[in-house]
Amino acid sequence: MFIKRFIFEFTDFQLYLFYIGLYQLDIKLLRTNLIALFMVDEIRRVITEACIPWLMQNTGKKIEQWRNKDGKEPEKLTIEQEIIQAEVEELEKDEMELFDDYLEMIMTFGYITLFAAAFPLGTTITSLFIYIETKSDTYKMEALSRRPFSRKAHTIGVWELTLDLFTFSAVFTNIILACFASD
Amino acid sequence: MLSSLKNTLLCLPEKDFPRTSDKETMLNFFMRLNLLEELVPLHSKSRVIRAHREGVNPGTSNLMRKIGKIKEIFVNVDEIRAYYGDETAIYFEWMNYFQSWLLIPAFLAILVYFSSYYFDLTANPCAGLFSAFMAIWGTLYITSWRRRTFELNALWDDYTVQEDIESIRKEFYGRTRVNQVTDQPELYFTTIERLPLYFRSLCICLPCMAAAMSVIVAFLNMTGVIRPGRHAYFDIPWLSSLADPGEIFDPEGYANMIPSIAQAIITVVMNLAFRSVAKYTTELENHRT
């Protein structure tokens with residue numbers, strides 16, 4: 001699962017950057033592509049992770065309220081009923097998955113280390129994005145998904161491997177970019 | 001739920017629901033009779049009660065107010081760990097660590113950015129230095145993160161962790177055998193048995209990846225990155241001709257933005273599609289956890 005998705009996202013997002021950067025050695029083009037990628041990626045992330053589930057849940061509730069309007073007023077609930085209602089609502093929510101969040105962060109790590117020469121400001125932007133990302137993640141966890149099982153862990157697991165891979169190749173891409181792509 | 005079910009048991013006929021001992025808990029009782037399908041933790045109960053008592057909106061929890069503060073750059077990992085457990089906390093711990101390490105290059109990058117007013121992009125010595133710095137930074141970051149994980153191992157009392165029974169997937173199938181070390185029966189599925197399953201998912205995934213590659217090549221043609229003559233292998237003439245000067249996707253014009261944006265959107269869609277493919281094939285592979 002992990003290998004498959006990683007390779008796929010990698011081909012999707014980074015292979016053509018490699019192509020531009022290392023084969024054509026066109027640092028200006030690489031730069032414009034990176035900037036576009038950064039912007040689109042982060043906007044998409046916030047939208048798909050927080051905004052869309054929030055909208056879907058809220059419109060669902062709105063429709064229900066609108067339907068209830070035809071009938072009588074909703075009765076005042078006792079605390080037990082309210083708990084049960086909240087629990088049923090929560091059961092309908094999706095399970096929490098950190099897989100995609102990890103994948104995205106690792107990909108960003110890839111951009112900023114592999115193509116550091118092309119777009120230094122990427123690190124600054126990433127720093128800002130992480131700030132937004134943590135906020136949206138906490139919100140997602142709290143309000144939009146079911147409570148996850150707590151498990152023991154003290155490493156980030158298999159993701160460490162990809163970090164290794166990226167830093168290892170970053171040495172070479174940076175050498176190539178610095179030596180050949182600049183005059 | 002976990003308390004003993006002496007009284008509850010008495011309500012049930014003994015013929016259909018055989019008893020073992022008086023001290024059996026409800027959870028074990030349900031599990032023994034296969035009445036339990038799934039266990040799900042929920043946040044709602046305590047929140048609703050608290051909201052009732054304090055008259056606040058149940059949507060905003062105490063934790064959210066503690067960790068979601070706008071002015072704080074770092075997430076309070078201890079709060080998250082106390083409520084969500086280690087697996088979620090480690091993600092935020094990693095993000096915090098990444099963030100704190102990023103502040104150095106982020107600051108340097110601003111300096112490099114200002115230096116670019118004095119130098120041309122391709123001849124900027126600062127950019128070269130910066131890229132060298134980033135390569136070293138990456139390595140240092142990983143090494144020190146590893147140190148941090150060992151620290152966490154001790155701090156979070158993790159060194160006694162073993163794979164627990166709950167983490168085995170429901171759908172997992174295999175032969176039952178007796179573990180020679182613990183003498184406990186366990187389900188068992190060898191890697192050699194799994195090989196054909198791997199091959200099957202490879203067959204499903206390769207075409208997907210090939211499709212993704214070809215879509216990217218097509219877009220690179222349209223945006224005028226791949227020009228005829230320079231890269232004979234990947235050139236698709238009728239697409240790249242669209243990016244000729246004077247045609248609709250002329251690299252100098254504004255219409256060139258259209259394929260770039262379309263590419264971004266299509267990659268997102270493809271990723272979503274591939275996510276389900278990957279999930280499906282991984283389920284077929286019958287992994288233990």
Side-chain angles (χ1 to χ4, degrees), chain A residues 1 4-5 7-9 11-13 15-16 20 27-29 36 40 44 79 82-83 86-87 90-91 98 101-102 105 112-113 116-117 120-121 123-124 126-127 130-131 134-135 138-139 142-143 146-156 163-164 166-167 170-171 174 177-178 181-183, chain B residues 40-45 48 52 58-59 61 64 67-68 73 75 84-88 90-91 94-95 98-99 102-103 105-106 109-110 112-113 121-123 127-128 130-132 134-135 138-139 142 149 152-153 156 158 161 205 209 212-213 216 220 225 260 264 267-268 270-271 274 278 282:
Chain A
M1 172 78 176
K4 270 176 256 169
R5 290 241 6 231
I7 292 176
F8 190 80
E9 298 246 338
T11 44
D12 245 17
F13 286 123
L15 212 61
Y16 77 100
I20 295 168
I27 206 162
K28 272 192 182 121
L29 198 62
V40 172
R44 171 193 64 90
I79 187 159
E82 221 171 291
I83 289 169
E87 279 176 351
E90 202 181 327
L91 276 175
L98 283 175
D101 298 307
Y102 270 123
M105 284 326 297
I112 61 170
T113 48
L121 220 54
T123 47
T124 320
T126 315
S127 174
I130 289 180
Y131 171 73
T134 47
K135 294 286 169 282
T138 45
Y139 172 68
E142 280 293 302
R146 225 192 281 163
R147 183 175 178 174
F149 270 108
S150 72
R151 294 194 189 90
K152 276 279 181 190
H154 69 277
T155 57
I156 53 172
L163 287 179
D164 272 345
F166 274 145
T167 40
V171 174
N174 277 313
L177 282 178
S182 51
D183 299 319
Chain B
V40 181
L42 292 175
H43 343 244
S44 31
K45 188 170 179 181
V48 173
H52 236 268
S61 66
M64 187 70 191
I67 60 181
I73 302 173
V75 180
Y84 283 105
D86 289 6
E87 211 184 29
T88 315
I90 193 79
Y91 170 72
W94 181 70
M95 292 274 266
F98 191 26
Q99 175 78 302
L102 255 182
L103 290 177
I110 294 171
V112 173
Y113 177 74
L121 173 67
T122 47
F130 183 77
S131 74
M134 278 308 280
T139 321
I142 288 184
T149 57
L152 288 178
N153 193 4
W156 291 2
D158 246 3
V161 150
C205 289
M209 289 186 188
M213 293 273 268
I216 290 168
L220 287 182
V225 175
S260 302
T267 31
V268 170
M270 281 200 305
N271 276 324
F274 189 72
T282 312

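Values below: all heavy atoms of this structure, side chains included; hydrogens, waters and symmetry mates excluded.
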Atom of A/T167, atom of B/T139 and distance for their closest heavy-atom approach: CG2-N, 3.7 Å
Should B/M134 and A/T123 count as side-chain neighbours, where that means a heavy-atom distance under 4.5 Å? yes
Aromatic plane relationship, B/W94 with A/Y102 - under 30° parallel, 30 to 60° tilted, over 60° perpendicular: tilted
B/I142 versus chain A, the contacting section by heavy-atom distance below 4.5 Å: side chain
Could you tell me the separation between the CD1 atom of A/I130 and the CD atom of B/Q99, rounded to the nearest 0.5 Å? 5.0 Å
Distance-minimising heavy-atom pair for A/S127 and B/A106: CB-CB, 4.3 Å
Contact check, side chains of A/L163 and B/F98, non-hydrogen atoms, under 4.5 Å: no
